[in-house]
Every structure is written in C-alpha cells, then in structure tokens.
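From a predicted model like this one, the values you see are computed outputs, not experimental measurements. One is the number of the first residue; the rest follow in order along the sequence.
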Amino acid sequence: MTTTHRTHRTDRTDRTAVTSLHRGRAVDPGRVLTGPLLGVGLSWLEPDAELDLDADGVEHALYVTTGSGRAGGREVEVELAEGTGLTLPLGGSVTLTAGPAGLEYFHAVLAVPRGAHR
C-alpha cells in the first residue's frame with residue numbers, strides 16, 4: 001500500500017518582487033516582507049562627497065560594493081573598501097566620506113521596536 005502525503009502550501013508569489021538595484025532607487029521591502037526592514041537600496045557617493053547617517057529610531061547596515069572611503073564617528077575612523085560591512089546601531093552616528101573614485105554601497109534601514117534599548 002502506498003501512502004501519499006500532501007503538504008499544504010501557501011503560494012506567496014503574488015507578493016514576490018524582483019528589482020534591479022542598479023536603477024538607482026531604493027526598495028520598500030514592506031510590500032513583500034513583514035520583518036523590520038524599512039528600506040534597502042544601492043547608493044552612490046561622488047568622489048570626496050560626505051553623507052551623515054544617524055541611527056535615530058532606526059539602525060543601518062551598509063556593505064561597500066565598489067570604491068573606497070572612510071567612516072568616522074565620535075572617536076573612531078575606519079577605512080572602507082569593497083567588501084567592507086558597517087553596522088550603525090540605535091543611537092549611533094557616522095559620517096561617510098567617499099574616496100577619490102567614489103563609493104557605492106548597499107544600504108539597509110531597519111526598524112527598532114519601541115522600548116528597545118541596548
């Protein structure tokens with residue numbers, strides 16, 4: 001006797017999204033995901049340009065995809081290069097400075113639940 005098992009499958013493809021990040025726009029993951037991601041995107045800083053990031057009510061995660069630069073905070077400055085990851089926890093701040101060839105990075109912004117403190 002052969003027993004056939006059927007698995008209940010929920011098809012979520014109606015909410016699946018495929019987006020080219022190289023089109024220079026951020027993606028709203030809330031259309032598809034229920035987690036804490038508020039936004040993801042591929043960003044570009046022109047050569048020697050600066051960008052201030054504050055983790056006021058959110059947290060940031062960055063991954064350098066091309067170029068180089070620096071990230072400076074209250075008492076620390078680190079070099080950024082292709083393959084470098086940077087996390088900015090709640091309450092932190094950092095200034096990104098692109099190197100002479102510019103800086104491209106993947107950027108994710110994460111929600112922090114109310115009352116969450118470290």
Closest non-hydrogen atom pair, [X] against [Y]:
X    : Y   : answer
P100 : P47 : O-CB, 3.3 Å
S93  : R74 : OG-NH2, 4.4 Å
P89  : A55 : O-CB, 3.1 Å
A71  : L96 : CB-CD2, 3.9 Å
D54  : H60 : O-NE2, 3.1 Å

**Asked** Given the rule that I, L, V, M, F, W and Y join up when any side-chain heavy atoms are under 4.5 Å apart, are L86 and L88 in one cluster?
**Response**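 Yes, same cluster.
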**Message:** Taking Y63 as the starting point, is it possible to reach Y105 by hopping between hydrophobic residues whose side chains are less than 4.5 Å apart?
**Reply:**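 Unlinked, Y105 and Y63 end up in two clusters.
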**Request:** Examine distances only and state if a side-chain atom of E104 and a backbone atom of W44 form a donor-acceptor pair shorter than 3.5 Å.
**Result:**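 Judged by distance alone, no pair lies under 3.5 Å.
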**Asked** Of L51, V40, L53, which meets side-chain contact (heavy atoms from CB on, under 4.5 Å) against H107?
**Response**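 The single option meeting the side-chain contact (heavy atoms from CB on, under 4.5 Å) with H107 is L53.
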**Prompt:** Heavy atoms, side chains only, cut-off 4.5 Å: are L110 and L37 in contact?
**Reply:**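 With C-beta onward as the side chain, the pair touches.
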Output the distance between atom [atom1] ([X]) and atom [atom2] ([Y]), rounded to the nearest 0.5 Å.
X    : Y   : atom1 : atom2 : value
T65  : L42 : OG1   : CG    : 5.0 Å
E50  : T97 : CD    : OG1   : 4.0 Å
L103 : D48 : CG    : CG    : 11.0 Å

